[in-house]
Amino acid sequence: MSTVPEKPTLDGIEARHSERWERERTYAWDRTAPRERTFAIDTPPPTVSGSLHMGHVFSYTHTDAVARYWRMRGKSVFYPMGWDDNGLPTERRVQNFYGVSCDPSLPYVPGFVPPFRGDPPKDHRAVPVSRPNFLELCDELTAEDEKAFEDLFRRLGLSVDWSLLYTTISPHARRTSQRAFLANLARGEAYSQEAPTLWDVDFGTAVAQAEIEDRERPGAYHSVAFHREGGGPDVVIETTRPELVPACVALVAHPDDERYRPLFGSRVRTPLFGVGVPVVAHPLAQPDKGSGIAMCCTFGDLTDVTWWRELRLELRAIVGRDGRIVADAPHGIEGAEPLARWARLAGLTVKRAQAEIVTMLRESGELLGEPRAITHPVKFYEKGDRPLEIVTSRQWYVRNGGRDRPLRDALVARGGEMAWHPEHMVHRYANWVEGLNGDWLISRQRYFGVPIPLWYRLDAQGRPDHDAPIVPDATALPIDPSTDVPPGFDAAQRGRPGGFAGDPDVMDTWATSSLTPQIAGRWVDDPDAFARIFPMDVRPQGHDIIRTWLFATMVRSHLEFDRAPWRHAALSGWILDPDRKKMSKSKGNVVTPVQLFDAYGSDAVRYWAASARPGVDTAFSEDQMKVGRKLATKLLNATKFVLGFGTAPGDDAVADPIDAGMLAGLAAVVDEATAAFADFDYARALERTEAWFWWFCDDYLELVKGRAYDDAHPGAPSARAALRRALGAVHRLLAPLLPFVTEEVWGWWREGSVHRAQWPARDELLAGVRADDDAVALLDATCAVLGAIRRTKTERKVSQRAEVARCEVHGPADRLALLAAHDGDLRNAGGVRELVYAGPDAAGDVALRATVTLA
RNA sequence: GGGCGCUUAGCUCAGCUGGUCAGAGCAUCUCCCUUACAAGGAGAGGGUCGGGGGUUCGACUCCCUCAGCGCCCACCA
């Protein structure tokens with residue numbers, strides 16, 4: 001406990017109290033607490049690929065407020081932090097930062113020094129480095145970023161237990177991730193399959209449905225003529241991707257389409273290449289789209305995949321994994337002229353190939369009319385720059401209900417078992433699960449991730465046997481199959497016929513981050529700890545990743561534990577620019593969190609964040625931070641003032657009805673704030689507490705300060721005691737929201753941290769106090785008359801200090817009687833010489849009214 | 001095309017289960033250096049609660065419908 005300073009200030013309180021909290025382990029999770037006394041939070045691990053922004057400050061503040069509330073309610077709060085440092089965003093940042101690229105075929109170079117450390121020149125060509133070297137650089141850069149992240153979160157005042165810190169690339173996370181994957185594999189929930197998948201040609205990896213987004217892109221319809229075998233008029237199709245003509249394997253129309261029904265079963269020849277393809281019927285074909293008959297290529301879009309699969313069409317793949325037309329013409333393209341045309345396409349990017357093929361179609365006369373420009377949605381990897389292609393490759397999948405109705409229904413039902421905040425977010429979840437169109441593709445052809453922990457036997461020809469992977473021993477995890485050797489083999493057999501090969505892929509980052517409860521709770525190596533935190537109380541996160549992180553976590557938990565991983569999901573909103581546009585990082589003028597902490601103080605920034613109701617998109621507002629700073633300053637000053645009255649030891653009786661009325665009002669606020677916090681509504685708790693506190697300062701404090709000052713006044717002890725009770729409650733009510741200033745003022749008169757103090761309660765506030773309706777009515781009436789007096793003084797443009805010669809109060813007799821018996825504070829605060837109670841006025845109006853005559 | 005949310009003073013928003021609300025903060029204007037705080041205090045002005053219809057004794061609050069804004073999803077050749 002320190003003493004009340006002469007000149008209270010907010011300066012420096014963040015550093016002082018952060019340091020103290022760390023030293024005293026104020027926020028340590030009590031690992032011995034049973035599950036029912038624990039409040040467990042599945043903190044979102046921010047992606048380590050740059051810097052934290054106001055969106056993080058915003059949402060993490062919300063969670064922290066709730067964490068602090070439950071801690072004060074006596075819960076052992078499990079509040080970990082994690083860094084999501086594995087995955088593509090990190091790789092991309094490492095490439096850009098050091099000017100390197102990963103080439104797994106290169107050997108490790110000990111002591112490798114990257115060409116740059118930040119901002120390579122634009123014309124720099126990435127230096128290829130080995131996979132181990134690349135991973136070292138990833139580790140190095142993420143370590144730096146993570147330090148900055150931690151500093152920022154500490155400055156923000158997050159009450160996380162930093163000893164629980166985890167990273168998603170750590171050995172522990174890799175072990176957990178591989179263990180969970182192997183469990184999925186053992187139960188048949190994970191499987192590999194050679195199939196067409198969406199592919200990002202720049203990143204060179206498959207991507208999952210959840211990571212795809214549509215973008216509006218310019219395109220054009222091209223009318224292209226196909227020639228009927230056996231004569232007859234050409235069949236005209238319209239396509240936005242004429243470059244895929246050589247990949248065409250069929251024309252498809254709707255079974256009921258009279259125009260094309262006669263053609264079903266016949267064959268046509270493709271333009272330019274003269275490849276014979278069938279005309280077939282399928283209900284997915286839309287008669288009103290284009291000419292009503294579509295060219296099915298392998299593969300232009302997901303509909304093509306469906307047609308190809310369901311109609312058992314040929315495979316004629318022409319786009320390579322690099323996004324270029326492959327060198328060798330697909331089967332069916334033969335003869336001098338077609339092959340000459342193919343030669344003009346081979347090696348071109350898809351975009352260039354389109355231009356070339358349009359030229360050729362013009363030359364051959366098979367392009368009818370000119371292309372007609374349109375804008376249409378095109379599928380992109382959400383982090384990618386070029387449209388996705390579809391290529392056939394072997395990938396690993398985890399069942400998620402996308403191909404399995406019962407599982408899908410079960411997962412939807414799981415969502416219904418949880419409480420969602422706000423409630424309507426459950427629709428996003430259900431909507432997504434209902435719309436799944438395939439299992440979860442978890443393998444990625446990347447490097448900085450958790451390896452798929454499998455090897456494959458190679459047959460005499462050196463071909464891998466994918467049907468019976470070699471599984472590592474559980475105790476050996478984590479493993480890297482590209483360097484570790486499977487049991488029963490030796491290193492020399494790697495890649496040799498009769499030997500083995502490691503799975504070359506890593507798991508998607510969501511495949512690991514979907515296990516945050518298991519990672520943070522130490523599922524694999526501390527089952528006792530895990531049992532104390534699982535299922536967790538709340539998953540806080542942004543609503544944009546319901547379909548990814550939330551759903552993926554649900555899938556893993558459902559499959560592994562047959563239950564939802566949390567009881568609540570709390571979805572936070574977005575930060576918008578002051579002009580209500582989604583805040584973009586690309587704008588150069590974005591203010592950094594640290595600048596705002598410096599300018600207004602952490603509590604003030606938190607105040608802004610906590611003012612937004614859960615799940616609501618919110619405008620960035622420095623004005624709101626200024627208001628928060630005012631509140632913090634007010635708390636300093638009011639506390640200093642109240643504590644300055646002093647108190648006699650043991651004299652804590654609240655006897656005066658004015659004081660009792662005040663405490664009754666505060667008790668109601670405590671009830672409201674408590675209910676609000678329990679419902680994750682930190683904003684309502686703040687709003688109610690704040691509004692009451694300003695009333696407390698402006699009305700109650702003004703009303704009783706004269707009495708509290710006056711040692712000779714018999715009501716002084718009651719006022720002082722009530723003021724201190726109220727103050728103690730306000731400090732604690734605001735502690736979850738403004739942790740620094742409340743800790744500061746609490747320290748002036750109480751032992752220990754306010755953040756470990758017990759949450760205020762009605763009974764505690766009103767113990768021994770006669771807080772009946774009369775007390776509340778009296779205080780109410782007193783404030784009403786005081787208000788009338790103030791209004792008069794303001795209207796007359798005199799100081800509030802000016803004396804009132806006479807104040808005549810009209811109103812119901814019972815009210816007046818209450819007032820008459822206890823009007824000392826009113827006389828004092830209003831400067832009233834003569835106070836007259838006149839009963840109801842002439843008109844019989846029962847409303848309380850005061851006629852004020854100034855001196 | 002499907003789903004969801006929003007539309008209340010100039011601005012940002014509260015108004016939970018229909019009958020003290022038409023409210024708060026910011027901004028604007030006026031006044032007050034009052035013995036915690038001028039990084040303060042006391043007041044004022046300002047809205048037919050998006051439009052229309054309905055249920056009801058009575059709706060910002062319930063139902064229907066229309067419009068605008070925003071978000072999510074979608075197999076869109």
Side-chain angles (χ1 to χ4, degrees), chain A residues 4 7-10 213-214 216 219 221-222 237-241 244 251-253 282-286 289-297 300-307 374 376-379 422 424-437 543-544 546-547 573-574 576 578 580-582 611-613 615-619 621 623-624 626-627 629-645 672 675-676 679 681 683-684 687-688 690-691 694 697-698 701-702 705-706 709 786-787 789-802 829 831:
Chain A
V4 183
K7 188 85 177 124
T9 175
L10 297 173
E213 66 184 22
D214 283 349
E216 288 291 331
Y221 279 124
H222 302 71
I237 62 102
E238 300 208 337
T239 179
T240 55
R241 299 203 59 183
L244 294 181
L251 297 189
V252 187
H282 192 280
L284 275 183
Q286 296 180 24
K289 202 81 193 175
S291 59
I293 187 163
M295 165 175 86
C296 174
C297 308
D301 61 30
L302 292 173
T303 311
D304 286 342
V305 177
T306 304
W307 285 334
I374 56 159
H376 64 154
V378 178
K379 291 200 180 306
H424 65 81
M425 290 295 179
V426 70
H427 298 296
R428 296 265 182 107
Y429 172 83
N431 215 311
W432 172 256
V433 181
E434 294 288 1
L436 289 169
N437 59 26
H543 55 63
D544 53 322
I546 288 174
R547 65 175 179 168
W574 290 102
L576 309 175
R580 306 297 296 168
K581 297 272 174 51
K582 190 170 159 183
S611 300
R613 305 208 102 73
V616 176
D617 292 348
T618 303
S621 166
D623 282 345
Q624 202 53 12
K626 290 176 187 166
V627 175
R629 187 170 178 87
K630 277 174 57 175
L631 175 62
T633 303
K634 193 75 176 179
L635 196 60
L636 289 179
N637 289 316
T639 301
K640 176 174 188 286
F641 187 48
V642 167
L643 296 182
F645 293 129
E672 277 195 272
D679 195 35
D681 196 347
R684 176 179 290 269
E687 191 258 320
R688 291 304 148 92
E690 182 194 14
W694 283 106
C697 290
D698 295 341
L701 207 37
E702 289 299 325
K705 71 182 181 187
Y709 249 122
L786 182 62
I789 292 170
R790 286 171 168 173
R791 194 172 307 113
T792 303
K793 290 177 180 176
T794 298
E795 282 164 1
R796 299 291 200 76
K797 305 192 175 185
V798 299
S799 163
Q800 290 297 325
R801 220 163 125 190

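Chain naming here is simple, since letters A, B, ... match the order of the sequence lines and numbering starts at 1 in each.
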### Query
Looking only at atom P, what distance separates B/G54 and B/A9, rounded to whole Å?
25 Å
### Message
Any N or O donor-acceptor pair under 3.5 Å from the base of B/C37 to the side chain of A/K634?
### Response
yes
### Task
Go through the side-chain N and O atoms of A/Q624 and A/S611 and say whether any donor and acceptor fall under 3.5 Å apart.
yes
#### Entry: Short side-chain N/O contact from A/R547 to OP1 or OP2 of B/C73, under 4.0 Å
yes
#### Entry: Between B/C37 and B/U30 - C1' atom distance, rounded Å
22 Å
### Query
What closest approach, in Å, do A/G219 and A/H376 show between heavy atoms, and which atom pair accounts for it?
CA-NE2, 4.0 Å
### Query
When all nucleic acid strands are considered with a 4.0 Å heavy-atom cut-off, which category describes A/A430: base, sugar-phosphate, or nothing?
nothing
### Query
Is there a donor and acceptor pair closer than 3.5 Å between the side chain of A/D304 and the base of B/C75?
no
### Query
Considering every strand shown, what is the Watson-Crick or G-U wobble mate of B/C16 when both distances are under 3.5 Å?
none
### Query
Looking at CG of A/N437 and OG1 of A/T306, how far apart are the two atoms once the value is rounded to the nearest 0.5 Å?
8.0 Å
### Task
Measure from the side-chain heavy atoms of A/Y221 and tell me the nearest of B/C75, B/C71, B/A77.
B/A77
### Task
Could you check which nucleotide pairs with B/U7 in any of the strands shown, counting Watson-Crick or G-U wobble with both distances under 3.5 Å?
B/A67
### Message
Regarding A/Q286, tell me which of base, sugar-phosphate or nothing describes its non-hydrogen contacts under 4.0 Å with the strands shown.
### Response
base
### Message
Under 4.0 Å, heavy atoms only, any strand: does A/T303 hit a base, just the sugar-phosphate, or nothing?
### Response
sugar-phosphate
### Message
Strictly below 4.0 Å: does A/R791 bring a side-chain N or O up to OP1 or OP2 of B/A44?
### Response
yes
### Message
Counting only Watson-Crick pairs (N1-N3 plus N6-O4 or O6-N4) and G-U wobbles (N1-O2, O6-N3), all under 3.5 Å, who is the partner of B/A77?
### Response
none
### Query
So which one's nearest nucleotide on RNA chain B is more toward 5', A/R613 or A/V798?
A/R613
### Query
At under 4.0 Å between heavy atoms, what does A/C697 touch on the DNA or RNA strands: base, sugar-phosphate, or nothing?
base
### Summary
All heavy atoms of A/L284 vs all of A/W307, minimum pair found to be CB-NE1, 3.5 Å
### Message
Under 4.0 Å from OP1 or OP2 of B/A77: is there any side-chain N or O of A/K289 that close?
### Response
yes
### Message
At 4.0 Å (heavy atoms only), tell me whether A/L636 reaches a base, stays on the sugar-phosphate, or touches nothing.
### Response
nothing
### Task
For A/D623, answer base if it contacts any base atom (sugar-phosphate contacts may also be present), sugar-phosphate if it contacts only those atoms, and nothing otherwise; contact means non-hydrogen atoms under 4.0 Å.
sugar-phosphate
### Summary
What one should report as the nearest heavy-atom pair of A/I237 and A/A294 is CG2-C, 4.4 Å
### Task
Indicate, with a heavy-atom threshold strictly under 4.0 Å, whether A/G292 touches base, sugar-phosphate, or nothing.
base
### Query
Contact class for A/T306 (heavy atom, under 4.0 Å): base, sugar-phosphate, or nothing?
nothing
### Message
With a cut-off of less than 4.0 Å, is there a side-chain N or O of A/K705 near OP1 or OP2 of B/A36?
### Response
yes
### Message
What's A/D698 touching, base or sugar-phosphate or nothing? Going by heavy atoms closer than 4.0 Å.
### Response
sugar-phosphate
### Task
Please state whether the phosphate of B/C75, meaning OP1 or OP2, lies under 4.0 angstrom from any side-chain nitrogen or oxygen of A/N437.
yes
### Message
For A/L631 versus A/W694, what's the shortest heavy-atom pair and its separation?
### Response
CD1-NE1, 3.8 Å
### Query
What integer number of Å spans the C1' atoms of B/A24 and B/G47?
14 Å
### Message
Please tell me if A/H376 has a side-chain N or O lying less than 4.0 Å from either OP1 or OP2 of B/A77.
### Response
yes
### Task
Quick one: look up who B/U56 pairs with, Watson-Crick or G-U, both distances under 3.5 Å, and put none if it's unpaired.
none
### Query
What closest approach, in Å, do A/D698 and A/R790 show between heavy atoms, and which atom pair accounts for it?
O-NH2, 2.8 Å
### Task
Report yes if a side-chain nitrogen or oxygen of A/K379 is closer than 4.0 Å to either non-bridging phosphate oxygen (OP1 or OP2) of B/C75; otherwise report no.
yes
### Task
Using the C1' atoms only, state how far B/U20 lies from B/A59, rounded to an integer number of Å.
16 Å
### Query
So what does A/Q624 touch, heavy atoms closer than 4.0 Å: a base, only the sugar-phosphate, or nothing?
nothing
### Task
Using the C1' atom as the reference point in each nucleotide, state the distance between B/C76 and B/U17 in Å, no decimals.
44 Å
### Message
By the 4.0 Å heavy-atom rule, please label A/G615 as base, sugar-phosphate, or nothing.
### Response
nothing
### Task
Scan every strand shown for a Watson-Crick or G-U wobble partner of B/U35, both distances under 3.5 Å, and answer none if you come up empty.
none
#### Entry: Residue matched to B/A42 through Watson-Crick or wobble contacts both under 3.5 angstrom
B/U30
### Query
Nearest to the side chain of A/R428, which nucleotide is it out of B/A77, B/G3, B/C73?
B/G3
